[in-house]
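Below is one structure, written out as structure tokens; comments come after it.
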Amino acid sequence: MNIVENISLKTYNTFGIDVKARFFVEITSLLQLQKVLELTAYPEHFILSGGSNMLLAKDIEALVVFINLKGVSVVEETENEVIIKAMAGENWHGLVLWALERGYGGLENLSLIPGNVGTAPIQNIGAYGVELKDVFVSCEAMNVKSGELLEFDKDACQFGYRESIFKNEEKGNYIITSVKLKLTKQDHQLNTSYGAIEQELHRQNIVHPTIKDISNAVIAIRQSKLPDPKEIGNSGSFFKNPVVGRNKFEKLQKAHPDMPFYETSDDTIKIPAGWLIEQCGFKGKRIGDAGVHDRQALVLVNYGNATGKELLSLARDIQKTVKKEFGVELKPEVNIIK
Ligand code: EPU
């Protein structure tokens with residue numbers, strides 16, 4: 001275990017923000033993690049894994065604990081289903097490909113989401129009609145105070161839209177070390193209801209898609225509108241899609257009949273934040289190296305040397321304008337460290 005000092009975190013966050021870690025340690029085993037948490041010389045920790053859902057707007061004075069736990073295995077298997085266990089430091093898309101290679105279904109709609117396995121439950125990652133919770137069995141997490149490992153089943157995680165207990169009541173109290181998922185070996189539950197998937201399959205003349213076809217369609221859709229963090233720094237959707245009450249929705253719809261929306265319950269409606277941001281004229285806008293992606297206005301981008309503060313200031317400008325124009329509050333989806 002090697003604690004290094006004053007290193008740049010630029011390559012450890014997908015936004016590519018160049019902030020410094022005063023202290024940094026890479027963890028490759030549970031025992032190491034327990035030992036690090038016991039070190040009294042470093043009482044404050046900052047847990048980092050894929051760095052795909054954070055905006056770093058300041059240097060980190062705490063000990064940065066880089067979770068690089070690896071391994072994927074099958075823990076239970078029946079004729080139709082399989083339960084797999086993946087360690088927190090595995091790359092998410094790598095796990096999706098691992099499952100597809102073995103013919104395991106359930107993760108195909110979640111192809112190409114940046115980040116690691118351990119952070120997936122924190123915000124209940126989701127895309128194209130599927131959320132992590134649909135395949136989730138449980139996760140193991142270490143209590144940062146006691147070093148004890150605890151198992152959280154699906155109910156205990158309190159999943160919601162980009163939400164879980166790890167973002168709320170238990171924020172900062174646990175480090176997720178591994179995740180168990182239930183996947184199908186046959187009779188896959190294909191989810192092609194999302195319009196963009198249907199269109200992509202149609203474009204490719206695929207009538208009876210396999211899980212691999214769906215994954216390929218999702219990859220094609222994502223590549224056509226979401227920037228690759230390896231090329232342009234970003235953290236996926238920066239804001240959550242706001243959910244409004246029916247009264248408010250009806251007023252908005254009257255003024256903007258072409259506004260897209262999804263009913264989330266009888267009296268709540270979700271409005272795409274990307275549409276609201278585009279209407280306010282931000283799509284493709286660039287201030288220095290901080291910008292709004294030109295093909296998906298919900299994604300903020302770092303063209304090279306933007307600081308966290310510059311991106312944050314752009315985000316605030318967007319929030320203020322959307323509030324003024326539509327009376328709707330945008331809440332960040334990414335974790336802002338300021
Ligand atoms: N739209 C615009 N302008 C834009 C962007 C979107 O008008 O610049 C409109 C689209 O035309 C469409 C609607 O908004 O009618 C929804 O757009 P899209 O299908 O791209 O999805 P989204 O609601 O913007 C959400 C997730 C994404 C996920 C996609 C697909 C959130 C916050 N984001 O985006 O997740 O990939 O659906 O399921 O829920 C992420 O969380 O990082 C992420 C990328």
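Being a predicted model, the structure only gives us computed values, none of them experimental. Both ligands and their constituent atoms are indexed starting at 1 by order of listing.
- Considering backbone and side-chain atoms together, Lys240 places no N or O closer than 3.5 Å to any N or O of ligand 1.
- Salt bridge Lys167/Glu333: absent, no basic N to carboxylate O contact under 4.0 Å.
- The shell of residues lying under 4.0 angstrom from ligand 1, judged by heavy atoms, excludes Phe282.
- Here the side chain of Asn241 pairs a donor or acceptor atom with the backbone of Ala273 at under 3.5 angstrom.
- Contact annotation: for Ala127 versus ligand 1, heavy atoms closer than 4.0 Å belong to both the backbone and the side chain.
- Considering only non-hydrogen atoms, atom 32 (C) of ligand 1 lies nearest to Phe239 out of Phe239, Phe238, Tyr194.
- Of the possible polar contacts, one joining the Glu310 side chain to the Thr307 backbone as a donor-acceptor pair under 3.5 Å is found.
- Annotation: side chain of Phe239 is not in contact with side chain of Lys331 (no heavy-atom distance under 4.5 Å).
- The closest approach between a heavy atom of Gln123 and any atom of ligand 1 is not below 4.0 Å.
- In terms of protein heavy-atom proximity, atom 40 (C) of ligand 1 is closest to Ser237 OG, 3.1 Å.
- Checked by distance only, ligand 1 and Ala297 come closer than 3.5 Å through their nitrogen or oxygen atoms.
- Under a 4.0 Å criterion applied to the non-hydrogen atoms of Lys283, ligand 1 contributes the atoms 3 (N), 4 (C), 8 (O).
- Between Leu300 and the choices Ile318, Leu55, Asn234, the side-chain contact (heavy atoms from CB on, under 4.5 Å) rule is met once, by Ile318.
- Here atom 6 (C) of ligand 1 lies nearest to Gln296 when heavy atoms of His293, Gln296, Glu278 are compared.
- Using a 4.0 Å threshold on non-hydrogen atoms, atom 30 (C) of ligand 1 counts as touching the protein.
- Using a 4.0 Å threshold on non-hydrogen atoms, atom 43 (C) of ligand 1 counts as touching the protein.
- In this structure, Lys270 is positioned above the aromatic face of Tyr161, its NZ or CZ under 6.0 Å from the six-membered ring centre and within 45° of the axis.
- The N/O atoms of Tyr128, backbone and side chain alike, include one that comes under 3.5 Å of an N/O atom in ligand 1.
- Classification of Glu79 and Lys185 as a salt-bridged pair fails, no side-chain N sitting under 4.0 Å from a carboxylate O.
- Atom 11 (O) of ligand 1 is never approached by the protein to below 4.0 angstrom, counting heavy atoms only.
- Distances from ligand 1 to the non-hydrogen atoms of Arg162 include at least one value under 4.0 Å.
- Listed by number with element, the atoms of ligand 1 under 4.0 angstrom from any heavy atom of Tyr262 are 13 (C), 16 (C), 23 (O).
- Atom NZ of Lys309 is surrounded by 12 or fewer heavy atoms from other residues, nucleotides or ligands within 6.0 Å.
- Counted within 6.0 Å of CG on Asn168, heavy atoms from surrounding residues, nucleotides or ligands total more than 12; the atom is thus considered enclosed.
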